[in-house]
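Notes follow once the structure below has been shown.
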Amino acid sequence: MEGVLDRMFNRLDLHETTLDAFTDLKQFRALSHLVRVLVDLDTKKLAGEKCEGYADVHEVRGIYTGLKGSERMGRLYYRPDLEADRLLVFVHRKKDDKDQREFLEKISKGAVVLGR
């Protein structure tokens, strides 16, 4: 799966959290929605909003998880590398505000190992 996803996108570097979303169907069942969002990011048809308090992280909200009661709790985050015109992409299903803050703190610090 990893090799296929890497070849699908020209400007996206997919973190292992994104790869996990494609392989864990309990977490994200509506993969076609996630693929559309990734394609739109890759082709610059979509831009996320800057996350308040995290200058280097942007967020795309409302990624469909397909889980009853939390259908729109999925989040796609990315950190831009403006010099290389690339985005490091993370996918997360928000459980609550605390969980979201912890995830943002984790991905906003220093170097993050790529899923490639």
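Heavy-atom basis, side chains included; hydrogens, waters and symmetry copies ignored.
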- Item | Reported CD1-to-OG1 distance for the pair Ile107 and Thr17, which is rounded to 0.5 angstrom | 7.5 Å
- Item | Arg86 with Asp81: basic N within carboxylate O range, under 4.0 Å | no
- Check: Gly69 main-chain N/O paired with Glu71 side-chain donor or acceptor under 3.5 Å: yes
- Query: Ile63, Met73: one ILVMFWY side-chain cluster at the under-4.5 Å cut-off?
  - Reply: no
- Task: Just do the side-chain contact (heavy atoms from CB on, under 4.5 Å) check on Leu87 and Arg11 with the steps written out, would you?
- Result: CA-CA 6 Å; Leu87 304 175; Arg11 338 176 16 241; 3.8 Å; yes
- Task: Going by the ring pair (Phe, Tyr, Trp, His ring centres under 6.0 Å) test, name the single residue among Phe103, Phe90, Tyr54 that passes it with Tyr77.
- Result: Phe103
- Query: Between atom OG1 of Thr18 and atom CG of Leu76, what is the distance when rounded to the nearest 0.5 Å?
  - Reply: 6.5 Å
- With Asp56 as partner, the option from Ser108, Pro80, Cys51 fulfilling side chain to side chain contact (heavy atoms under 4.5 Å, CB included) is Ser108
- Query: Is the closest side-chain heavy-atom distance between Phe28 and Asp20 below 4.5 Å?
  - Reply: no
Give the table of side-chain donor-acceptor pairs shorter than 3.5 Å for residues 32-41, with sequence neighbours excluded, one pair per line with atom names and distance.
residue	atom	partner	partner atom	Å
His33	ND1	Tyr64	N	3.2

- Message: So Tyr78 and Val57, do their side chains get closer than 4.5 Å, heavy atoms only?
- Response: no
- Task: Might you work through the side-chain contact (heavy atoms from CB on, under 4.5 Å) test for Arg75 and Arg61, ending with a clear yes or no?
- Result: CA-CA 5 Å; Arg75 299 290 187 268; Arg61 298 180 184 148; 3.9 Å; yes
- Message: Among residues at least two apart in sequence or on other chains, which ones pass salt bridge (charged side-chain N to carboxylate O under 4.0 Å, His left out) with Arg93?
- Response: none
- Look at Asp42 together with Lys45 and state whether they make a salt bridge at an N to O cut-off of under 4.0 Å. no
- Message: Could you measure the distance from the NZ atom of Lys94 to the OG atom of Ser70? Nearest 0.5 Å is fine.
- Response: 11.5 Å
- Minimal heavy-atom distance between His92 and Asp99, with the atoms involved, is NE2-OD2, 2.8 Å
- Are Arg79 and His58 close enough, and set up right, to give a side-chain contact (heavy atoms from CB on, under 4.5 Å), and what steps lead you there? CA-CA 6 Å; Arg79 291 186 0 203; His58 294 71; over 6 Å; no
- Item | Lys/Arg-Asp/Glu bridge criterion (N-O < 4.0 Å) met for Asp85, Lys44 | yes
- Judged by modelled atom types alone, do Glu59 and Gln100 share a side-chain donor-acceptor pair under 3.5 Å? yes
